[in-house]
Amino acid sequence: MDISTVCVHGCGKRYDSTGAVAVPIFASATFAHPGVGRSTGFDYSRSLNPTREYLEHTVAALEGGAQAIAFSTGMAAVAALMELFSPGDHVVMSDDLYGGSYRLFLQISQKNGVKFSYGGTVDEINKEITPKTKAVFIETPTNPMMRVIDIAAVAQITRKHNILLIVDNTFLTPYFQRPLELGADITLHSGTKYLGGHNDTLAGLLVAKDEEVCERIRFIAKTTGASLSPFDSYLIIRGIKTLAVRMERQEESAMAIAQWLTGQRKVEAVHYIGLPTHAGYEISRRQASGFGGMISFAVDSEQTAVSILENVKIIQYAESLGGVESLITYPMLQTHADMPEDERNARGINAGLLRLSVGLESPDDLIGDLARAIDS
Ligand SMILES: Cc1ncc(COP(=O)(O)O)c(C=O)c1O
């Protein structure tokens, strides 16, 4: 079955006999037992809820995993993941990644005894691995610099060392990229972004290939308690129904905008993985079936960046991405504000860098909006 059909029909499980086409929102914290020692299969919603289960089965099918586990936010999912590790364990992470993950690793997990180091390329990741390394955590493409890492090549390394490969697949979603099929062990989503798709709810998902890893994560989820609510589960299910058409359209518009940006006098660099000039273009073509809707670009000065942020009218200056509304973000002051300045500058996250999440508005209107704002 094509993935676009799976998006619409989800896991297809029915929880009642009414013939309801949309999955019901089971707004129940707890479930009555038919007798002592007996269960309907559902006991308490922190552990299991039918609406959330429907979402989890759907996302597991989309990613090709044994199970998916849904959390209240993407960061709750990353935090749960960190509970797989013990003091003294070491994790290699990609050197460019979402600022919130970076903050969690260095300000919370590290305090709890887990050690981290960075690798930007496959070779650098390989060199960082020690006998204490338990996992490699990568984003590809990365947030915000849109760097691409060869998932299959990293998977060869993690397999050799018998450690986990975790891929944050938020930017491309399983519609365009399925890391588990390329050798990763766990994929992670901020479901807040493309899966939900409407900038109206927060969610996180972990999907693992191996049943035993899934059970460990499920135990952490029910024990630490950041489970996704039934209503938010419903919103993500509803969002996924249109994932395929949204991803196609957002990619098409992003390509047109990236090409337009490339020709602008005040734009010094355009980071869009669909441009043949992008360093990760060939790997992207190999490991993903599309380039997505995220662009970052560097303008000639802080003044130009501020002018764009303050003068766009259709595009909104707001943190987040992947929704139907186009959003522009200033990573230096928003997503990566907690990263030390020298680390930010080393990655190119400076006063001239902007990140654009292309929504579903007309691409001509979006280009017009940017053109006017750049020269305001
Ligand atoms: C790539 C990536 N991963 C994880 C997260 C965290 O997700 P959430 O904001 O849903 O907690 C984000 C949020 O922006 C993100 O961009």
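All ligand and atom numbering here is 1-based and tracks the order in the structure.
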What's the shortest distance from atom 6 (C) of ligand 1 to any protein heavy atom, and which residue and atom give it? Tyr98 CE2, 3.5 Å
Just wondering, more than 12 heavy atoms not from Arg285 lying within 6.0 Å of its CZ? no
The closest protein heavy-atom partner of atom 10 (O) of ligand 1 is Thr192 OG1, 2.6 Å
In the hydrophobic cluster built from side-chain contacts under 4.5 Å, what are the other members alongside Val245? none
Centre of Tyr118's six-membered ring, under 6.0 Å away, within 45 degrees of the axis: is that where NZ or CZ of Arg347 sits? yes
Taking it one step at a time, do Phe291 and Phe176 satisfy ring pair (Phe, Tyr, Trp, His ring centres under 6.0 Å)? CA-CA 7 Å; Phe291 304 115; Phe176 280 145; 8.1 Å; no
Closest to atom 14 (O) of ligand 1 (heavy atoms only, candidates Lys193, Arg355, Glu319) is Lys193
Under 3.5 Å between any N/O of Leu321 and any N/O of ligand 1: does that happen in this structure? no
Identify which of Asp168, Leu188, Leu202, Leu205 has a heavy atom lying nearest to atom 3 (N) of ligand 1. Asp168
From the options Asn169, Thr329, Asn143, Thr170, select the one whose nearest heavy atom is closest to atom 16 (O) of ligand 1. Asn143
May I ask you to check whether over 12 heavy atoms, not counting those of Asn162, lie within 6.0 Å of atom CG? no
Element-labelled atoms of ligand 1 that are located less than 4.0 Å from some non-hydrogen atom of Met75: 6 (C), 7 (O), 8 (P), 11 (O)
CD (Gln303) with more than 12 external heavy atoms under 6.0 Å: no
Can you sort out which atoms of ligand 1 are near Ala203, meaning under 4.0 Å from one of its heavy atoms? 10 (O)
